[in-house]
S.K.: 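Have a look at this one before I ask anything.
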Amino acid sequence: MPPSYILVTFLFSLLISTSPSAATDTVTLARSLAAGDKLVSGNGKFALGFFQLNSTSNGPRWYLGIWFNTVPKLTPTWVANRANPLANSTTWQLAISSHDGNLVVTNRANNSMPPPWSSQQSFNHMADTFLPGAKMGWNKATGFTHGLVSNKNSIDISPGVYSATPSSDFANPGLFLLWNTSVVYWSAGLWNGEYFSNTPELTARALFTFDFVSNDHEEYFTYRLRNDTMVTRYVLDVSGQAKNMIWSSVTQDWVTFYAKPAAQCDVYSVCGAFTVCREDMLPFCNCMKGFSVRSAEDWELGDHTGGCIRNIPLNCNVTGSFYAIIDVRFPANAKHYMEAGNSDECKQACLNDCSCTAYSYNGSCNIWKDGLFNVAQQYNQSTGGGVLYLRLAAEVDASESSKHRRGLIIGVAVGASIFTLFLFTIVAMFVRRNKKNRSSVNTVKLCWIASRL
Ligand SMILES: *[C@@H]1O[C@H](CO)[C@@H](O)[C@H](O)[C@H]1NC(C)=O
Ligand SMILES: *[C@@H]1O[C@H](CO)[C@@H](O)[C@H](O)[C@H]1NC(C)=O
Ligand SMILES: *[C@@H]1O[C@H](CO)[C@@H](O)[C@H](O)[C@H]1NC(C)=O
Ligand SMILES: *[C@@H]1O[C@H](CO)[C@@H](O)[C@H](O)[C@H]1NC(C)=O
Ligand SMILES: *[C@@H]1O[C@H](CO)[C@@H](O)[C@H](O)[C@H]1NC(C)=O
Ligand SMILES: *[C@@H]1O[C@H](CO)[C@@H](O)[C@H](O)[C@H]1NC(C)=O
Ligand SMILES: *[C@@H]1O[C@H](CO)[C@@H](O)[C@H](O)[C@H]1NC(C)=O
Ligand SMILES: *[C@@H]1O[C@H](CO)[C@@H](O)[C@H](O)[C@H]1NC(C)=O
């Protein structure tokens with residue numbers, strides 16, 4: 001068998017299918033593969049090749065990857081050079097390296113250009129997609145973990161802020177969703193031999209079978225379709241939710257079968273700093289009062305993690321003001337301030353600290369410094385929430401109230417002119433009538449009232 005055959009077989013089987021049908025999901029790389037060429041897996045479901053995505057700011061970007069061959073909407077499932085796209089596809093090709101037999105992306109026009117990808121370097125990194133038959137787990141010898149990393153936004157497939165990682169605790173297999181590789185915001189729960197306790201959907205509709213495999217070399221989860229004709233994927237979405245999606249030939253789009261966590265606002269810091277997440281509103285991310293979206297472009301592409309920034313910076317020399325946000329889940333990383341025994345003392349503690357951005361008093365004093373993350377609305381005392389006092393510059397209040405005052409003045413002026421017009425109409429009627437009975441006393445009185453307005 002030529003090395004190319006073995007390598008491509010390996011690529012497809014590792015990333016696509018370990019099922020008995022894997023033997024048919026193979027192709028031979030007889031010659032180098034350039035942009036426009038594709039290799040199709042034996043069952044016709046997947047294609048390997050260079051594909052193009054368009055980004056608004058940087059023009060077209062080229063990637064080497066595998067996508068669903070039967071789905072008209074380009075849906076990559078694995079990408080070799082996710083973080084280093086190629087600006088120009090015309091000179092790049094996928095070939096077999098003559099000195100080590102690896103699959104490698106080389107530049108036809110310039111041999112000394114360093115390869116942006118080689119099968120030796122980053123063969124088994126999954127992107128944001130876990131396909132039926134693939135393995136999510138770790139290699140016991142190398143310690144290498146196969147997990148998922150979300151895309152940055154709806155058009156940029158470079159690594160985003162969310163990841164899915166299998167637990168490395170052999171006794172308690174699990175799967176966790178993490179923000180910034182550090183904060184766990186969802187756990188699949190305990191493995192009961194058939195499914196994870198927080199994901200009964202996996203078997204509920206009899207569409208999948210789920211397996212946990214542990215042997216001397218590796219330990220992993222995998223799943224299979226009960227009916228192989230279904231086109232499906234498990235993807236860690238830009239929104240931070242892990243979604244099981246099924247291709248619908250009726251709507252010609254991916255349909256979400258289930259999402260975890262089910263509530264969008266339960267994804268840690270999904271809206272970034274200084275925002276309030278609201279499950280029942282669209283858009284669900286909103287800036288706190290006195291703040292504006294940091295990057296409108298990212299925001300539109302579904303990446304809210306940049307959050308919001310202050311319209312007017314805090315000036316520590318001036319007292320400033322506080323704005324009450326009711327019924328919220330408190331931000332992460334509260335600092336408990338024991339010395340303050342009531343709400344006023346708590347407020348004072350915040351004012352005394354230049355980096356304090358908010359406080360709340362719910363029987364004890366909590367203050368927050370710097371960014372406020374993970375705030376969501378519709379949480380009251382019984383659901384563990386309360387009132388958050390957001391610190392604002394004094395100017396915010398002044399500019400808000402001057403806006404208010406200006407509004408009031410305009411309102412009064414308009415009202416007054418309508419009233420004046422109304423009075424003049426009445427006066428005119430009186431004048432006409434009084435011209436008939438020759439008495440002008442009432443008319444004079446009314447004219448005087450009107451002139452005072
Ligand atoms: C990117 O833009 C090119 C040229 O406008 C177009 O032909 C191509 O279909 C676009 N690709 C995607 C994935 O939108
Ligand atoms: C791509 O590279 C080819 C050959 O080097 C060059 O002729 C062409 O102008 C390049 N295209 C872009 C869009 O840079
Ligand atoms: C080929 O690539 C190398 C490394 O990037 C670069 O130093 C060299 O200038 C390139 N040669 C040409 C002819 O572009
Ligand atoms: C994410 O983690 C990195 C490294 O641990 C840290 O430098 C960065 O500040 C974190 N991002 C946020 C928004 O906290
Ligand atoms: C698989 O699904 C297809 C299309 O829905 C159906 O025609 C076929 O009978 C199913 N096969 C099995 C074994 O259930
Ligand atoms: C705050 O007051 C100090 C001392 O009076 C002064 O040096 C500083 O510039 C002031 N800062 C601001 C932001 O006004
Ligand atoms: C008050 O809020 C803090 C910060 O979120 C929380 O840790 C604490 O449990 C709350 N206390 C009560 C009595 O609700
Ligand atoms: C608190 O919120 C829950 C859930 O939204 C609601 O059922 C309950 O009535 C609320 N309690 C109060 C006191 O508002």
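Whatever order the structure lists them in is the order used to number ligands and atoms, beginning at 1.
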S.K.: What atoms of ligand 7 come within less than 4.0 Å of a heavy atom belonging to Asn362?
M.R.: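 With Asn362 as reference, the close atoms of ligand 7 come out as 1 (C), 2 (O), 3 (C), 8 (C), 10 (C), 11 (N), 12 (C), 13 (C), 14 (O).
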
S.K.: Does the protein place any heavy atom closer than 4.0 Å to atom 9 (O) of ligand 3?
M.R.: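 Answer no: nothing from the protein, no heavy atom, is under 4.0 Å.
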
S.K.: Under 4.0 Å from a heavy atom of Thr229: which atoms of ligand 5 are those, numbered in the order shown and with their elements?
M.R.: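 That gives atoms 1 (C), 2 (O), 3 (C), 4 (C) of ligand 5.
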
S.K.: Looking only at side-chain N and O atoms, does Ser158 offer a donor or acceptor that is under 3.5 Å from a partner on Asp156?
M.R.: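 There is such a pair (donor and acceptor under 3.5 Å, judged by atom type) between the side chains of Asp156 and Ser158.
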
S.K.: Can you find a side-chain donor-acceptor pair between Thr229 and Asn227 that sits under 3.5 Å?
M.R.: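 Looking only at side-chain atoms, Asn227 and Thr229 do form a donor-acceptor pair, the distance falling under 3.5 Å.
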
S.K.: Go through the side-chain N and O atoms of Ser360 and Asn362 and say whether any donor and acceptor fall under 3.5 Å apart.
M.R.: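 No donor-acceptor contact under 3.5 Å links the two side chains.
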
S.K.: Assess, by modelled atom type and distance only, whether the side chains of Asn244 and Thr232 contain a donor and an acceptor separated by less than 3.5 Å.
M.R.: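 Checked: Asn244/Thr232 side chains pair up, N/O donor to acceptor below 3.5 Å.
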
S.K.: Just checking Tyr389 against Tyr323, ring centres under 6.0 Å apart?
M.R.: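 No, too far apart.
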
S.K.: Above 12 or not: heavy atoms from other molecules or residues under 6.0 Å from CG of Asn333?
M.R.: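 12 or below, so no.
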
S.K.: Any idea which protein heavy atom is nearest atom 6 (C) of ligand 5, and the distance to it?
M.R.: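 The closest one turns out to be Asn227 ND2, 4.1 Å.
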
S.K.: Between Ser355 and Asp370, is there a side-chain donor-acceptor contact under 3.5 Å, judged purely by atom types and distance?
M.R.: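 Judged by distance alone, the side chains do not pair up.
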
S.K.: Answer yes if a protein heavy atom lies under 4.0 Å from atom 2 (O) of ligand 3, otherwise answer no.
M.R.: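 Looking at atom 2 (O) of ligand 3, one finds that a protein heavy atom does lie closer than 4.0 Å.
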
S.K.: Look at atom 5 (O) of ligand 7 and say which protein heavy atom is nearest, naming residue and atom and giving the distance to 0.1 Å.
M.R.: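 Looking only at protein heavy atoms, the one closest to atom 5 (O) of ligand 7 is Phe330 CD1, 3.4 Å.
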
S.K.: Return yes when His336 approaches ligand 7 closer than 4.0 angstrom through a heavy atom, no otherwise.
M.R.: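 The answer is yes, since His336 has a heavy atom less than 4.0 Å from ligand 7.
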
S.K.: What protein heavy atom lies closest to atom 4 (C) of ligand 3? Include the residue and the distance to one decimal.
M.R.: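 The closest heavy atom on the protein side is Ser112 O, 3.9 Å.
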
S.K.: Report the nearest protein non-hydrogen atom to atom 13 (C) of ligand 3: residue, atom name, distance rounded to 0.1 Å.
M.R.: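 Protein heavy atom with the smallest distance to atom 13 (C) of ligand 3: Asn110 ND2, 4.3 Å.
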
